[in-house]
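One structure is given below, encoded as structure tokens.
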Amino acid sequence: MTDAHIEESVINKFKELEGLTIDDAGNYPEVAFPYQSFSRPADGYWYELFYIPSEPIQIELGEEARSRWVGILQVNVVVPKESGIEPALARFDSIAKLFRAGSYIDNIRVNRTYRSSAYEDGDFYVLPVYVEVWADLDR
């Protein structure tokens, strides 16, 4: 298991978010996944996902020592300005509920989920949400 496995696991967990729609082809039209093309939905509500890995930290001694892999799933919650910030905050609550601190996703621990201040981007508000995760992995 490496940071690529962690990225895949947390993104797959995000697909369980309450309220996401899946089209007939099995796609999530309101989610901009990393490394995939995306078209903004007509209603102006969507999520942008980014996985930010860090360097692993050796946590044990010896040749077979485990390392701690740490990363952040950043979810930008995007809503139209005319809707106000409340829909973005409600979406944050859903993300925080899905990624509860102390929970595990395929042996990956969710450390905490938090948000920063929303900012304006043209006709939209963007609310950055951060899901900190870590996993202790064999070499």
#### Entry: Atom pair OH (Y51) and CG (L73), whose distance is rounded to the nearest 0.5 Å
8.5 Å
### Query
Do Y47 and F14 make the cut of ring centroids closer than 6.0 angstrom?
yes
### Query
Quick check: does any side chain N or O of S103 sit under 3.5 Å from a backbone N or O of F99, one acting as donor and the other as acceptor?
no
### Message
How close do R112 and A101 get, counting heavy atoms only, and between which atoms?
### Response
CA-CB, 4.2 Å
### Query
Distance from Q74 atom CD to I52 atom CD1, nearest 0.5 Å?
4.5 Å
### Task
Please examine the side chains of T113 and Y130, heavy atoms only from C-beta on, and report whether any two atoms are closer than 4.5 Å.
no
### Task
Of all the heavy-atom pairs spanning P128 and V126, show the shortest one and how long it is.
CD-O, 3.5 Å
### Query
Is there a side-chain contact between D93 and I95 (heavy atoms, below 4.5 Å)?
no
### Message
Taking the side chain as everything from C-beta on, heavy atoms only, tell me whether E48 gets closer than 4.5 Å to V75.
### Response
no
### Message
For a 4.5 angstrom cut-off between non-hydrogen side-chain atoms, does V10 reach V131?
### Response
no
#### Entry: Aromatic ring proximity F124/W46, centre distance under 6.0 Å
yes
#### Entry: Closest approach of P87 to Y45 (non-hydrogen atoms, all atoms of both residues)
CB-CE2, 3.9 Å
### Task
Answer yes or no: is there a side-chain heavy-atom contact under 4.5 Å between N76 and F50?
yes
### Task
Supply the atom-to-atom distance Y119 OH to D121 CG, rounded to the nearest 0.5 angstrom.
6.0 Å
### Message
Tell me if a side-chain donor or acceptor on E30 pairs with a main-chain N or O of P41 at a distance below 3.5 Å.
### Response
no
### Within-4.5 Å side-chain heavy-atom neighbours: P34 and I11
yes
### Task
Indicate yes or no: at least one non-hydrogen side-chain atom of V78 is less than 4.5 angstrom from one of R40.
no
### Query
Is Q36 atom CD crowded by more than 12 heavy atoms from other residues, nucleotides or ligands, each under 6.0 Å away?
yes
### Query
Do W69 and Y104 share a hydrophobic cluster (ILVMFWY, side-chain heavy atoms under 4.5 Å, transitive)?
no
### Task
Calculate, to the nearest 0.5 Å, the distance between atoms CG and OG belonging to L127 and S116 respectively.
6.5 Å
### Message
Testing the basics here: between G44 and P80, what is the closest heavy-atom pair and its distance to 0.1 Å?
### Response
O-CD, 3.2 Å
### Query
Same hydrophobic cluster for L20 and F33, using side-chain heavy-atom links shorter than 4.5 Å among ILVMFWY?
yes
### Message
Taking CD in E82 as the centre, count heavy atoms belonging to other residues, nucleotides or ligands within less than 6.0 Å. Is the count above 12?
### Response
yes
### Query
Between atom OG of S94 and atom CG of L89, what is the distance when rounded to the nearest 0.5 Å?
11.0 Å
### Query
How close do V77 and A88 get, heavy atom to heavy atom, and via which atoms?
CG1-CA, 3.9 Å
#### Entry: Cluster overlap L98 with I72, hydrophobic side-chain contacts below 4.5 Å
no
### E55 vs V70 side-chain heavy atoms within contact, under 4.5 Å
no
### Message
Does either side chain, that of Y114 or that of E132, offer a donor lying less than 3.5 Å from an acceptor on the other one?
### Response
yes
### Query
Judged by atom type as modelled, is there a donor-acceptor pair below 3.5 Å linking the side chain of N12 to the main-chain atoms of E8?
yes
### Pi-cation contact, F92 with K97 (under 6.0 Å, within 45°)
no
### Task
Could you grab the distance from atom CH2 of W134 to atom CD1 of I108, nearest 0.5 Å is fine?
11.0 Å
### Message
Heavy-atom count check: over 12 atoms from other residues, nucleotides or ligands less than 6.0 Å from D123 CG?
### Response
no
### Query
Taking a hydrophobic cluster as the set of Ile, Leu, Val, Met, Phe, Trp and Tyr residues connected by side-chain heavy atoms closer than 4.5 Å, whether directly or through intermediates, do I22 and L17 fall within one such cluster?
yes
### Query
For the residue pair K13 and I105, what are the closest heavy atoms and their distance?
CG-CD1, 3.8 Å
